[in-house]
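Data block below; observations after.
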Protein chains: 2
Amino acid sequence: MRPTVHDIADTAGVSLATVDRVLNDRPGVRGVTRAKVEAAIAALGYVRDVAAANLAKSRVYPLVFILPEGDNPFMRGLEAEVRRAGLHSASERTRLSVVTVPAFDAGALAQAIDGAIAENVSGIAVVAVDAPEVSTAVGRAHAAGIPLVTLVSDLAGSGRDHFVGVDNIAAGRTAGSLMGRFLGGRPGPVAVLAGSMRVRDHRERLEGFCAAMAEMPVARAILPVLEGQDDPARSRVLMSECLAAVPDLAGVYSLGAGNQGLVAALADGERDDICVIAHELTAHTRAALEAGTIDAVLNQDAGHEVRSAIRVLRAKADGLPVIAAQERIRLDIFIKDNLPAGPDEDDGN
Amino acid sequence: MRPTVHDIADTAGVSLATVDRVLNDRPGVRGVTRAKVEAAIAALGYVRDVAAANLAKSRVYPLVFILPEGDNPFMRGLEAEVRRAGLHSASERTRLSVVTVPAFDAGALAQAIDGAIAENVSGIAVVAVDAPEVSTAVGRAHAAGIPLVTLVSDLAGSGRDHFVGVDNIAAGRTAGSLMGRFLGGRPGPVAVLAGSMRVRDHRERLEGFCAAMAEMPVARAILPVLEGQDDPARSRVLMSECLAAVPDLAGVYSLGAGNQGLVAALADGERDDICVIAHELTAHTRAALEAGTIDAVLNQDAGHEVRSAIRVLRAKADGLPVIAAQERIRLDIFIKDNLPAGPDEDDGN
DNA sequence: GAATTTCTGATGTACGTAAATCAGAAATTT
DNA sequence: AAATTTCTGATTTACGTACATCAGAAATTC
């Protein structure tokens, strides 16, 4: 049997109350006594039974997810996963809520973070816009002792406790490498469709993509980035213009959420010979992958990210260590042949 | 606050003991009374607090993993992950143990399953050899009420409760599709190196591979399967013979654990122009991927599989539902550019 | 209608920890 | 040395569930 607080009290020769004071860092214990208790804890290899502790505390963990507004399918998928996790959250003493803010709006984001701090939640997960206002708001959360993780897009040099998301430079490299291989010796430049260079994940993907393309045996031009603000209409216009202007376009790397507009533009232009690599498996990209319009989709699993964020925030709130291997978010590569069953086709067993 | 057993007792107008009898399916409750209690449970939306229940039961779950012996790196990786999970298992009231049996030996496997049944464990995870003896042993576990999941390789038409592993037909299809794209118009046949056609995962991968290759625009011969029994020396000999016999070999699909032998044979033959797609990210395949000998590695994450098996077995033991979406094991595609940090390079945060 | 069986209620203990209270011991100050 | 402050011990209650016991009520059988 694993040791309990009673065992510690016995071997340390102190009372239960003293052990409790040491364990929970409460005042009222002399240095020598504290040392004795800590020695006993170490000797017995005691680890607190978190389940019992939470039961006794009857503590609940209100966690807030701050996500961008709009019809970005990936973000809406994230939101859906948060809600889905919320269904099971009761049994884990967690209460989840979602706050949405205008996309790419640093001020609104900082305000939302401050709001969560004011509500004294026990954890915050935020899709970060990489801006100073946001960094200082994150600093305030840290100062208030509230664990905060960045989700999907990271924030440089801030006090965030953890980043939940894929390595976006590696994602870009992967896209570049696949693009190069798929194109082989075929000539023609490559276009890049992004949301905004104001979010770190988009910048990093572009960086990786360019690096990998540069290493390819066949040199290939990369056209100036098209920033569609993750808006379908805008992305469609930009892409259509590009197709018209560059008749020998060989490939498109869509590193943001402009896929709906991209697919529409490709259909308009009747260009099904272009090698397309996109991010995030959504209804649109899935259909385009099956139809052959898109050749590969790089994906981060929203469900996994949400569950990871919850685990990390809870661990941080409890002062427990995070199991790094379990929390690493993998980059999925999907082609037509390894598409998973859709969310509506779950076998439910 | 979420409802407790006391709330149910109050609203149903019965005593705590009766509620307990209904909840835990104990005898001694009249039909009408039971209905009243169940109505109250439904009305209040009661869900049992698993943490408190486990605390009260102070139950431990002894789980057994039955894995093949030998120096198969993937299997040793699985074993390592089980041991790693064992470190954290105390806090989850789980006790893990590993039993190894000779690879591809159905009789020994069946015997190991019967041994676990005799020990009255609360769950069994087994890397299945697809044979009748094994199926009947699985049937005996089912009859004994012991949850059993197949791991990595499934078992047809048996009473296993769940399969923890990737969709191997899709894995084969993916390999075939990537092989076709990477080779492009280059001529030459493709070789397949397997472990044994007696395990279902290898058969399924081959099936998917052949199907995907057949759908490619360029027809390509697939040579007869080389069965290396997942043994390095044997795989090396088979592969060397093949390289000598087929000078225009364009690609190799290694769907088993013969990668060490494969890489050695390629080095012997000084053939670095062959497109190689292999399974499972190990030290060998990682090095070969970085060196450019192997072009893509399809991987199933051993750590994820082990944790999934544990979650599923515990859920089954408790009679709880399994969250299908969370337990789907994904097929990772690794190329040089999206290799994750190695196990020794964990950032540990 | 009495005897039996079956059901139900009341009550208590346990799991391992948190947290509070109060009394007494030890150290410190006056 | 007395008064005060600081530390420690003993004890109790609580969290939500599991499980056991015993007595009494209700239903069933004879």
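Naming: A, B, ... by sequence-line order, numbering from 1 per chain. Computation of the quantities below employed the complete heavy-atom set of this structure, encompassing side-chain atoms and omitting hydrogens, waters and symmetry-equivalent molecules.
Not counting sequence neighbours, the partners of B/Glu133 by the side-chain contact (heavy atoms from CB on, under 4.5 Å) test are B/Ala106, B/Ala110, B/Ala131. Remark: A/Ala116 engages A/Val64, A/Val121, A/Ile124 in a side-chain contact (heavy atoms from CB on, under 4.5 Å) (not counting sequence neighbours). In this view, B/Arg311 and B/Glu327 satisfy the side-chain hydrogen bond (donor to acceptor under 3.5 Å, both in side chains) rule, not counting sequence neighbours. Not counting sequence neighbours, the partners of A/Leu44 by the side-chain contact (heavy atoms from CB on, under 4.5 Å) test are A/Pro3, A/Asp7, A/Ile8, A/Thr11. The side-chain hydrogen bond (donor to acceptor under 3.5 Å, both in side chains) search around B/Glu81 returns none, not counting sequence neighbours. Here B/Arg21 pairs with nothing under the side-chain hydrogen bond (donor to acceptor under 3.5 Å, both in side chains) rule; sequence neighbours left out. Applying the side-chain contact (heavy atoms from CB on, under 4.5 Å) rule to B/Asp154 yields the partners B/Thr150, B/Arg160, B/Phe163, B/Arg200; only residues at least two apart in sequence or on another chain are considered.
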Worksheet item: Which parts of nucleotides 15-28 of chain D does protein reach within less than 4.0 Å, heavy atoms only, written one letter per nucleotide 5' to 3' as B for base, S for sugar-phosphate only and - for none?
Response: BBBSB-B-----S-

Listed pairs under 3.5 Å, donor-acceptor, residues 26-39 of chain A side chains, sequence neighbours left out:
| from | atom 1 | to | atom 2 | distance (Å) |
| --- | --- | --- | --- | --- |
| A/Arg26 | NE | A/Asp20 | OD2 | 3.2 |
| A/Arg26 | NH2 | A/Asp20 | OD1 | 3.3 |
| A/Arg26 | NH2 | A/Asp20 | OD2 | 2.8 |

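At least one side-chain nitrogen or oxygen of A/Thr18 sits closer than 4.0 Å to the OP1 or OP2 atom of D/dG9.
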Worksheet entry | Pair pattern of DNA chain D in dot-bracket, where unpaired bases get dots and | marks partners in another strand, Watson-Crick or G-U under 3.5 angstrom | ||.||||||||||||||||||||||||.||

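Of the N and O atoms on the side chains of A/Arg330 and B/Asn299, not one donor lies less than 3.5 Å from an acceptor on the other residue.
For residues 115-127 of chain B, no residue pair satisfies the side chain to side chain donor-acceptor pair (under 3.5 Å) rule, not counting sequence neighbours.
Non-hydrogen atoms lying under 4.0 Å from DNA chain C are contributed by nothing in residues 35-44 of chain A.
Contact annotation for B/Gly31: no contact, since no heavy-atom pair falls under 4.0 Å across all strands.
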